[in-house]
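Since the model is a prediction, treat every value here as computed from it, not as a measurement.
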Amino acid sequence: MESLDALTSLVAAGGVVVLSGAGLSTESGIPDYRGPSGVARRHTPMTFQAFTRDPLARRRYWARSHLGWRLIAGAAPNAGHRAVAELQDAGLVDTVITQNVDGLHGAAGSTAVIELHGRLDEVTCLACGNLTSREELHRRLREANPDFVARVAGVNPDGDVDLPDEQVAAFRPVDCGICGTGMLKPDVVFFGETVPPQRVARCFAAVERARSLLVLGSSLTVMSGRRFVIRAAKRGIPVGIVNQGPTRGDGHATVCVDAPLGTVLPRLAARVGAGTPLKV
């Protein structure tokens, strides 16, 4: 495959910064908003404005997220995540910037991971700023809703589920366990919310130091991730993209590979001597 040859040459030179998106985690059972497993047409993500201003929207979010959390908590890194960690162990990948909130890069052994949109396994209080684990909140929500039983129709990429309004009405959210009244929010960047500027600055700095930028499993539809591809292209830094389907960064790419990441990345790692050779 000519494009895989070009991608191999790009990565073998080292100094790679990875930018990963939801497509990397689909093989771990976490669906994507776009792409082959996309659910964007049937589910509108929670916005920061709705979450903070509308108590009913907030109740709906926590009821659905409480049920969907077990899928995220139980997800394991797939072959793609492991291949990225192998490339990093081999000294070829310097930094991993991920748009995902599932923590699977770290679970696979990657270090120097910048979680652009935060982590779903942590919860913050918008009043006092206290940070607690999602497992602790899950326990508190179970205790507050001992009789809550609902049928899950489908799990969404941000860890919540499709749930009828009549089932949502029976759910009781909880407030901060430290200050007692603060609004709890998963420590992730919702749609309509701004990524902390210092985090964005770290990402730009990593990209500008890179020898190449490798995009994995992102359609680059939103500017949150696409801006790093644009910055790399403006600086003359080669961009490689591995994704199922076209992306909005293809015009800036030196090489594009349209294939499942769980297949391509282990092959790539084996080719550059970072992974265990696979029969293909």
Side-chain angles (χ1 to χ4, degrees), residues 22 25 30 43-75 96-107 111-148 150 155-161 163 165 167-206 222-225:
S25 292
I30 300 174
H43 174 68
T44 301
M46 175 61 66
T47 67
F48 180 73
Q49 292 75 16
F51 185 87
T52 55
R53 297 173 186 173
D54 185 349
L56 294 180
R58 195 158 56 249
R59 178 194 299 270
R60 185 179 304 110
Y61 174 84
W62 280 122
R64 302 192 318 191
S65 185
H66 177 59
L67 294 175
W69 165 243
R70 300 319 307 170
L71 171 77
I72 304 298
V96 177
I97 301 169
T98 184
Q99 300 173 87
N100 300 337
V101 296
D102 50 38
L104 292 180
H105 276 297
T111 57
V113 179
I114 302 175
E115 288 162 317
L116 185 63
H117 297 152
R119 292 182 61 106
L120 201 59
D121 63 357
E122 295 179 336
V123 179
T124 185
C125 173
L126 296 183
C128 71
N130 183 65
L131 198 65
T132 56
S133 74
R134 183 61 183 267
E135 285 296 336
E136 169 65 15
L137 175 62
H138 191 70
R139 179 191 64 78
R140 292 183 61 211
L141 288 172
R142 282 201 317 267
E143 292 174 352
N145 298 275
D147 301 319
F148 183 68
V155 180
N156 297 304
D158 47 5
D160 70 353
V161 302
L163 203 61
D165 286 345
Q167 293 180 334
V168 169
F171 190 79
R172 180 188 168 209
V174 297
D175 292 322
C176 177
I178 301 299
C179 69
T181 59
M183 182 188 304
L184 293 178
K185 172 184 171 292
D187 196 29
V188 301
V189 178
F190 280 175
F191 282 77
E193 191 176 5
T194 302
V195 179
Q198 66 274 20
R199 195 180 301 166
V200 176
R202 287 176 60 206
C203 293
F204 275 130
V222 296
M223 186 55 74
S224 181

Sequence neighbours left out, what passes side-chain contact (heavy atoms from CB on, under 4.5 Å) with [X]? Give chain and number order.
X: Q49; value: T47, R53
X: A73; value: W69, R70, E135
X: S224; value: L116, H117, V195, V222, R227
X: P196; value: V189, Q198, R199

Check your understanding: Judged by atom type as modelled, is there a donor-acceptor pair below 3.5 Å linking the side chain of N145 to the main-chain atoms of L141?
Key -> yes
Exercise for review: Give the ring-plane orientation class for F51 versus W62, where under 30° counts as parallel, over 60° as perpendicular and anything between as tilted.
Suggested key: perpendicular
Can you list, pair by pair, the side-chain donor-acceptor contacts under 3.5 Å of residues 169-188, counting residues two or more places apart and other chains?
{"from": "K185", "atom 1": "NZ", "to": "V188", "atom 2": "O", "distance (Å)": "2.4"}
{"from": "K185", "atom 1": "NZ", "to": "E193", "atom 2": "OE1", "distance (Å)": "3.2"}

Review point. Who are the ring-ring contact (aromatic ring centres under 6.0 Å, His included) partners of F204, not counting sequence neighbours?
Key: F228
Check your understanding: Tell me, which pairs form a salt bridge (Lys or Arg N to Asp or Glu O under 4.0 Å) where one or both residues lie in residues 137-146, sequence neighbours left out?
Key -> E136-R139, R139-E143
Practice item. If a pair satisfies salt bridge (Lys or Arg N to Asp or Glu O under 4.0 Å) and one of its residues is in residues 112-126, list it, with sequence neighbours excluded. Key: E115-R119, R119-D121
Which side-chain N or O atoms in residues 97-104 pair as donor and acceptor under 3.5 Å with protein atoms at least two apart or in another chain?
{"from": "T98", "atom 1": "OG1", "to": "S20", "atom 2": "OG", "distance (Å)": "2.8"}
{"from": "T98", "atom 1": "OG1", "to": "N100", "atom 2": "N", "distance (Å)": "3.0"}
{"from": "Q99", "atom 1": "NE2", "to": "S218", "atom 2": "OG", "distance (Å)": "3.0"}
{"from": "N100", "atom 1": "OD1", "to": "A22", "atom 2": "N", "distance (Å)": "2.9"}
{"from": "N100", "atom 1": "ND2", "to": "G21", "atom 2": "O", "distance (Å)": "2.9"}
{"from": "D102", "atom 1": "OD1", "to": "L104", "atom 2": "N", "distance (Å)": "3.0"}
{"from": "D102", "atom 1": "OD2", "to": "S25", "atom 2": "OG", "distance (Å)": "2.7"}

Exercise for review: List the steps, then state whether side chain to side chain contact (heavy atoms under 4.5 Å, CB included) holds for F148 with L67.
Suggested key: CA-CA 10 Å; F148 183 68; L67 294 175; 3.9 Å; yes
